[in-house]
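Single-structure report; data block below.
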Amino acid sequence: MTELEAGRAQTLAPVRSGAALHRYRDVLIALVAFAVLASLPLFTGSKALLDFVIRCSAYGLFATSLNLLVGYTGLTSFGHGMFFGLGAYSFGLIMQKLGLPIPVAFVATLVITALIAAVIGAICVRLKEIYFAFVTLAFQMLIHSTILSWASFTGGDQGLRGGIPRPAFLGIDLSNHVHLYVTSCALLVLGLLAMRQIAQSPFGYTLRTIRDNAARASFLGIDVWRAKLTVFVLAALFAAMGGMVMALFVSGAYPEFAYWTISGEAIFINMLGGVSTFLGPMVGTVLLLLLNDTVTRYTEYHGIVLGVVILFFALGLRKGLLDFVAEWFAHRRDAGEGR
């Protein structure tokens, strides 16, 4: 028995060491990425560029969190934007009404989001794909309607007015634009690193099994409902992080943050960047924001232009940009090995 256990340990040792190596590599890449982003203000005085990166941080967290559902679990949510709006409003209201320190308000917002996501997810993840998509959309419209109708608390269609207090903490003053920029970059890198670890963990491969064949996963002993609910709540938390970054950026929260179009933008982002590669949503975020900023500068018909671009990716490439590039490199590598 001891010999069998020793043999099994020797067999698993390379797998564990490989997983640890990938984990250290991801941490190293995250540190380098943060160092590059954080040093950007030293080389440019462009406030517009820093603002662009902050917006990319908010939408990048949001879109990548949606990919945990779409790309890794096979759950297409039409209402994922409710958690983006929920994060922005919860954080803004906590800071306006209670005046808590920012880290405490941040954690409290995540707790509120997790509780609401657990209730909504417990209902939605039991449904088949198309019903799941539309019921999540129904919940988003419910939350959006609540924001509009509860004007005495949420500000109604005017949003949260008066700004969000930003008391300094640990030497960080978020009323300073550079501090806000560096903090947004830190949240982006930490959020992406955490989602990367989830995707590469045994739980992440369980999600892939459910995506490929939920019935077979159930036969293998996987609690499919619990796994789906867990990833639903996790995705909601990262979407709320994006909402908090956006709330700090605009110093408020607006009903548009919880409207169904914000979920549509996240789906477009994933279509543009790709769902088969982890960084696809980040690439899609940069593409969409660049398109929005560039097209709206020259024409008021930006919706038509974006529609044509999305059709090009959907019907022409039939995949996101990063998925296309990754597949092209894989074909070239295979062709090189075949010679």
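This is a predicted model, so every value here is computed, not measured. When reading the values below, keep in mind they use all heavy atoms of this one structure, side chains included, and skip hydrogens, waters and symmetry mates. The first residue of the sequence shown is numbered 1, and numbering continues consecutively from there.
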(Q) Is there a continuous path of hydrophobic side-chain contacts, each under 4.5 Å between heavy atoms, that joins Val178 to Val245? (A) yes
Q. About how many Å separate CD1 of Ile54 and CG of Leu180, when rounded to the nearest 0.5 Å?
A. 4.5 Å
Q. Ring centres of Phe91 and Phe106 under 6.0 Å apart?
A. no
Q.
Using the rule given for side chain to side chain contact (heavy atoms under 4.5 Å, CB included), can you reason through Phe62 versus Met241, listing the C-alpha separation, both sets of side-chain angles and the distance that settles it, and then say yes or no?
A. CA-CA 8 Å; Phe62 174 44; Met241 284 177 61; over 6 Å; no
**Q.** Tyr131, OH: over 12 other non-hydrogen atoms inside 6.0 angstrom
**A.** no
(Q) I need the Ile94 CD1 to Thr109 OG1 distance, nearest 0.5 Å. (A) 4.0 Å
Q: Treating Ile, Leu, Val, Met, Phe, Trp and Tyr as nodes and any side-chain heavy-atom pair under 4.5 angstrom as an edge, say whether Val32 and Leu42 lie in one connected cluster.
A: no
Q | Step-by-step side chain to side chain contact (heavy atoms under 4.5 Å, CB included) determination, Ile198 to Leu234 | A | CA-CA 9 Å; Ile198 291 171; Leu234 289 173; 4.0 Å; yes
Q: Would you mind reporting whether Ile262 and Met82 have side-chain heavy atoms less than 4.5 Å apart?
A: no
Q) Given side chains that start at C-beta, do those of Met282 and Ile269 come closer than 4.5 Å, heavy atoms only? A) no
Q | Closest contact, heavy atoms only, Leu100 versus Pro167 | A | O-CG, 4.4 Å
Q: Would you check if Leu272 and Val283 make a side-chain contact, meaning some heavy-atom pair closer than 4.5 Å?
A: no
Q: Measure the shortest side-chain to side-chain distance between Asn270 and Val70 over non-hydrogen atoms and say whether it is less than 4.5 angstrom.
A: no
Q | Residue pair Leu68 / Thr64, side-chain heavy-atom distance below 4.5 Å | A | no
Q: Please say which of Thr285, Asn292, Asp293 ends up in a side chain to side chain donor-acceptor pair (under 3.5 Å) with Arg55.
A: Asp293
Q. When you look at Glu256 and Thr261, which way does the side chain to side chain donor-acceptor pair (under 3.5 Å) test go after all the steps?
A. CA-CA 8 Å; Glu256 291 78 11; Thr261 52; over 6 Å; no
Q | Closest contact, heavy atoms only, Ala118 versus Leu229 | A | O-CD1, 3.7 Å
Q) Which pair of non-hydrogen atoms, one from Asp323 and one from Val275, has the smallest distance, and what is that distance? A) OD2-N, 3.0 Å
Q) Do Leu37 and Tyr181 touch side chain to side chain, with heavy atoms closer than 4.5 Å? A) yes
(Q) Using 0.5 Å steps for rounding, measure from the OG1 atom of Thr154 to the CD1 atom of Ile147. (A) 6.5 Å
Q.
Side chains of Thr76 and Leu69, heavy atoms from C-beta outward: is any pair under 4.5 Å?
A. no
Q) Hey, does the side chain of Thr44 reach the backbone of Ser46 with a donor-acceptor pair shorter than 3.5 angstrom? A) yes
Q | For Phe83, the option from Tyr89, Phe232, Phe257, Phe238 that meets ring-ring contact (aromatic ring centres under 6.0 Å, His included) | A | Phe232
Q) What are the two closest non-hydrogen atoms of Tyr72 and Arg211, and how far apart are they? A) O-CB, 3.6 Å
Q | Electrostatic pair Lys228:Asp223 at N-O distance under 4.0 angstrom | A | no
Q. So if you build clusters from Ile, Leu, Val, Met, Phe, Trp, Tyr with side-chain heavy-atom gaps below 4.5 Å, do Val189 and Val27 land together?
A. no
(Q) Measuring only between side-chain heavy atoms, which start at C-beta, is Val182 closer than 4.5 Å to Phe34? (A) yes
Q. Going from OG1 on Thr183 to CG on Asp173, what distance comes out if it is rounded to the nearest 0.5 angstrom?
A. 9.5 Å
Q. Under 6.0 Å from the six-membered ring centre of Tyr205 and within 45° of its axis: does the NZ or CZ of Arg208 meet both?
A. yes
Q. For Pro165, does its backbone N or O pair with a side-chain atom of Gln96 as donor and acceptor, under 3.5 Å?
A. no
(Q) Please tell me whether Leu290 and Phe268 are part of a single hydrophobic cluster in this structure, the criterion being side-chain heavy atoms less than 4.5 Å apart. (A) yes
Q. From Leu110 CG over to Leu237 CG, what is the distance, rounded to the nearest 0.5 angstrom?
A. 5.5 Å
Q.
Is it the case that the side chains of His80 and Ser65 hold a donor-acceptor pair, with the cut-off being a distance below 3.5 Å and no angle test?
A. yes
Q) CG/Leu174 to CD1/Ile102 distance, rounded to the nearest 0.5 angstrom? A) 4.0 Å
Q: Report the C-alpha distance between Cys124 and Phe132 in whole Å, list the side-chain angles of each, state the deciding distance to 0.1 Å, and finish with yes or no for side chain to side chain contact (heavy atoms under 4.5 Å, CB included).
A: CA-CA 5 Å; Cys124 294; Phe132 171 85; 3.7 Å; yes
Q) Looking only at heavy atoms, which two atoms of Ala88 and Gly243 are closest? And how far apart? A) CB-O, 3.4 Å
Q. Got a donor-acceptor contact below 3.5 angstrom from the Gln140 side chain to the Ala258 backbone?
A. yes
Q: Determine the minimum heavy-atom distance between Gly252 and Ile164, stating which atoms define it.
A: N-CD1, 3.6 Å
Q: Check step by step if side chain to side chain contact (heavy atoms under 4.5 Å, CB included) holds for His177 and Leu50.
A: CA-CA 9 Å; His177 191 259; Leu50 300 187; 3.7 Å; yes
Q. Do Val107 and Leu86 belong to the same hydrophobic cluster, where Ile, Leu, Val, Met, Phe, Trp and Tyr are linked whenever their side-chain heavy atoms lie under 4.5 Å apart, directly or via other members?
A. no
Q.
Main chain of Leu75, side chain of Thr73: is a donor-acceptor contact present, judged purely on distance under 3.5 Å?
A. no
(Q) Quick check against the 3.5 Å criterion: does Ser263 have a side-chain atom that pairs as donor or acceptor with the backbone of Gly81? (A) yes
**Q.** Phe84 and its ring-ring contact (aromatic ring centres under 6.0 Å, His included) partner, picked from Trp260, Tyr59, Tyr254
**A.** Tyr59
